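Take a look at the structure set out below.
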2 protein chains.
Amino acid sequence: MEKDPLNNPALCSAIAERFKALSDSSRIRILALLRDADELNVSSIVTGTDINQASVSKHLSLLKQVGIVHVRREGNQAFYSIRDQKILDICGLVCEGITERMKEDNSALGL
Amino acid sequence: MEKDPLNNPALCSAIAERFKALSDSSRIRILALLRDADELNVSSIVTGTDINQASVSKHLSLLKQVGIVHVRREGNQAFYSIRDQKILDICGLVCEGITERMKEDNSALGL
DNA sequence: TTTCCATATTCCTATAGTAGAATATAGATA
DNA sequence: TATCTATATTCTACTATAGGAATATGGAAA
């Protein structure tokens with residue numbers, strides 16, 4: 001294993017690629033929905049997010065490809081679940097960062 | 001504060017936006033460089049990453065805009081530093097996720 | 001002021017990403 | 001087999017983004 005992964009350009013690309021998978025608000029919303037349920041089929045996600053079926057399918061396919069979610073097929077349905085639970089921690093940290101920044105910006109304005 | 005940030009579509013967009021800022025390998029490399037130094041001027045980053053000066057400037061500007069880095073101007077130089085230290089934890093978690101996934105994929109192949 | 005240096009910005013081009021409609025696939029049921 | 005349902009894929013138009021060359025800005029030095 002690399003001691004300092006961020007000094008490895010190839011790993012930097014892999015990291016960037018994973019962030020890219022998280023860089024779309026539709027996908028974040030899908031993950032939020034999946035977090036609150038063990039697994040969901042595509043139709044539930046479509047109704048739960050109000051995102052076009054084709055889009056949901058494509059987003060799920062991308063999330064699966066990068067290893068963030070997992071599919072279980074049963075009959076003609078596909079049940080998706082979060083495979084990499086770290087994703088939730090990561091989103092949590094990002095939330096903290098965002099809210100902290102908002103606080104700092106506010107206090108900089110004297111609020 | 002929102003109890004469940006991921007149920008808030010606006011926050012989902014903010015989260016996605018922040019991930020987008022991290023979704024480029026040039027920016028990850030710049031952050032890697034900044035992590036190992038307290039602060040760096042633009043020229044040092046250009047030589048340290050071997051990325052075009054205009055690109056470095058644009059990437060830094062984006063990272064600043066979303067609150068990930070901070071600038072201190074002195075004379076005609078601009079010294080950049082990481083403002084949101086959580087970013088480093090986040091990158092670390094992503095690294096773990098990537099390597100874990102590689103392990104899983106390998107063992108799935110019987111390696 | 002003229003010149004030099006560091007950084008930022010503009011302009012252009014190429015590429016990639018998204019949404020949505022339409023269509024394809026494939027399992028389930030009649 | 002014909003049909004229905006769930007999901008995936010294709011196609012198209014649109015928008016966003018990155019890289020690089022050229023240029024602009026603005027502080028420092030001559």
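Predicted model only: the values in this text are computed from it and were never measured. Letters A, B, ... are given to chains in the order of the sequence lines, protein chains preceding strands, and every chain is numbered from 1.
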Query raised in the report: Closer than 4.0 Å, any side-chain N/O of A/Tyr80 to the OP1 or OP2 of D/dA8?
Result: yes
Query raised in the report: Which part of the nucleic acid does B/Ser57 contact within heavy-atom distance under 4.0 Å: base, sugar-phosphate only, or nothing?
Result: base
Requested in this report: Under the salt bridge (charged side-chain N to carboxylate O under 4.0 Å, His left out) rule, collect the residues that match up with B/Lys86, sequence neighbours excluded.
Outcome: A/Glu96, A/Glu100
Query - Partner set under side-chain hydrogen bond (donor to acceptor under 3.5 Å, both in side chains) for A/Thr49, not counting sequence neighbours - result: none
**Report entry** Closest non-hydrogen atom pair between A/Ile51 and A/Val56, with its separation
**Finding:** O-CG2, 3.5 Å
Report task. Give every residue pair that meets the side chain to side chain donor-acceptor pair (under 3.5 Å) criterion with at least one member in residues 64-76 of chain B, sequence neighbours excluded. Result -> B/Glu39-B/Arg72, B/Arg72-B/Glu74
Query raised in the report: Between which nucleotides of DNA chain C, read 5' to 3', does contact with chain A run, using atoms under 4.0 Å from its heavy atoms?
Result: C/dG17 to C/dA28
Query - salt bridge (Lys or Arg N to Asp or Glu O under 4.0 Å) contacts in which one or both residues fall within residues 41-50 of chain A, not counting sequence neighbours - result: none
Query raised in the report: What does B/Ala78 touch in the nucleic acid at a heavy-atom separation under 4.0 angstrom: a base, only the sugar-phosphate, or nothing?
Result: sugar-phosphate
Query raised in the report: Residues two or more places apart in sequence or in another chain: which of them pass ring pair (Phe, Tyr, Trp, His ring centres under 6.0 Å) with B/Phe19?
Result: A/Phe19
Report summary line: For B/Leu31 and B/Ile82 the tightest heavy-atom approach is O-CD1, 3.8 Å
Using atom names, set out every protein N or O paired with an N or O of nucleotides 15-18 of chain D below 3.5 Å, distance rounded to 0.1 Å.
unit_1 : atom_1 : unit_2  : atom_2 : d
D/dA18 : OP1    : B/Arg27 : NH1    : 2.7
D/dA18 : OP1    : B/Arg27 : NH2    : 2.8

Report summary line: Residue pairs meeting side chain to side chain donor-acceptor pair (under 3.5 Å), one or both in residues 11-21 of chain B, sequence neighbours left out, come to B/Arg18-B/Asp84
Query - Separation of D/dT9 C1' from A/Leu60 CG (nearest whole Å) - result: 14 Å
Requested in this report: For A/Ser44, check side-chain hydrogen bond (donor to acceptor under 3.5 Å, both in side chains) against everything at least two apart and list the hits.
Outcome: A/Asn41
Query raised in the report: Who passes salt bridge (charged side-chain N to carboxylate O under 4.0 Å, His left out) against B/Asp24, sequence neighbours left out?
Result: none
**Report entry** Nearest-angstrom distance from the residue atom CD of B/Gln53 to C1' of D/dA21
**Finding:** 11 Å
Please write out the pairs of protein N or O atoms and N or O atoms of nucleotides 25-30 of chain D separated by less than 3.5 Å, giving the distance to one decimal.
none

Requested in this report: Please name all residues satisfying side-chain hydrogen bond (donor to acceptor under 3.5 Å, both in side chains) with A/Gln53, sequence neighbours left out, ordered by chain then number.
Outcome: none
Report task. Could you pick out which residue, B/Phe79 or A/Asn52, lies toward the 5' side of DNA chain C when each is mapped onto its nearest nucleotide? Result -> B/Phe79
